[in-house]
Amino acid sequence: MRNIIFIFIIYITYISLGLPDSLLGVAWPDMVGEFHVTYSAVGIISMAIAVCTVISSLQTIRITQKKRNRKISIE
């Protein structure tokens, strides 16, 4: 049972990696009218997502080094 839950968490995480960009592309035309912003403002949001992704990736190295021999993922 524990393995199934772990695989489900991995699956959900994998799917959620691609959602922010695709959902933003689909929802942005409606959001433009709702929030009264320009179409070019989506670039700022995309840049923020990209910067946060890089920061998260860089922090992974630090966390891995800090935890050394301890488990980092759920098993």
Side-chain angles (χ1 to χ4, degrees):
M1 182 65 176
R2 209 168 165 185
N3 288 338
I4 294 172
I5 293 171
F6 186 60
I7 290 173
F8 180 73
I9 290 170
I10 291 172
Y11 178 73
I12 295 298
T13 304
Y14 178 75
I15 296 298
S16 68
L17 288 174
L19 284 179
D21 297 329
S22 60
L23 287 179
L24 185 61
V26 170
W28 192 251
D30 290 333
M31 292 169 68
V32 166
E34 180 96 16
F35 297 116
H36 307 293
V37 293
T38 63
Y39 279 102
S40 61
V42 75
I44 296 169
I45 296 172
S46 294
M47 290 287 286
I49 291 171
V51 167
C52 289
T53 301
V54 170
I55 290 170
S56 174
S57 296
L58 293 173
Q59 291 300 316
T60 302
I61 296 169
R62 191 182 75 125
I63 291 170
T64 304
Q65 289 174 347
K66 188 175 183 179
K67 297 294 181 184
R68 290 194 189 148
N69 295 330
R70 294 187 211 146
K71 293 181 181 180
I72 295 175
S73 62
I74 300 171
E75 288 187 33

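Sequence positions, counted from 1, serve as the residue numbers for this chain. This is a predicted model, so every value here is computed, not measured.
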Value for CG (L58) from OG1 (T53), rounded to nearest 0.5 Å, stands at 11.0 Å
Linking I/L/V/M/F/W/Y whenever any side-chain heavy atoms sit under 4.5 Å apart, do Y14 and F8 land together?
yes
With sequence neighbours left out, the residues meeting side chain to side chain donor-acceptor pair (under 3.5 Å) with Q59 are R62
Is it the case that one hydrophobic cluster holds both I12 and I15, taking links as side-chain heavy atoms less than 4.5 Å apart, direct or via other members?
yes
So how far is it from F35 CZ to D30 CG, rounded to the nearest 0.5 Å?
10.5 Å
Of all heavy-atom pairs linking T38 and V32, the shortest is O-CG2, 4.3 Å
All side chain to side chain donor-acceptor pair (under 3.5 Å) counterparts of S56, not counting sequence neighbours:
none
Go through the structure and list residues passing side chain to side chain donor-acceptor pair (under 3.5 Å) with S57, not counting sequence neighbours.
none
Shortest non-hydrogen contact between P29 and Y39, atoms and distance:
CA-CE2, 4.2 Å
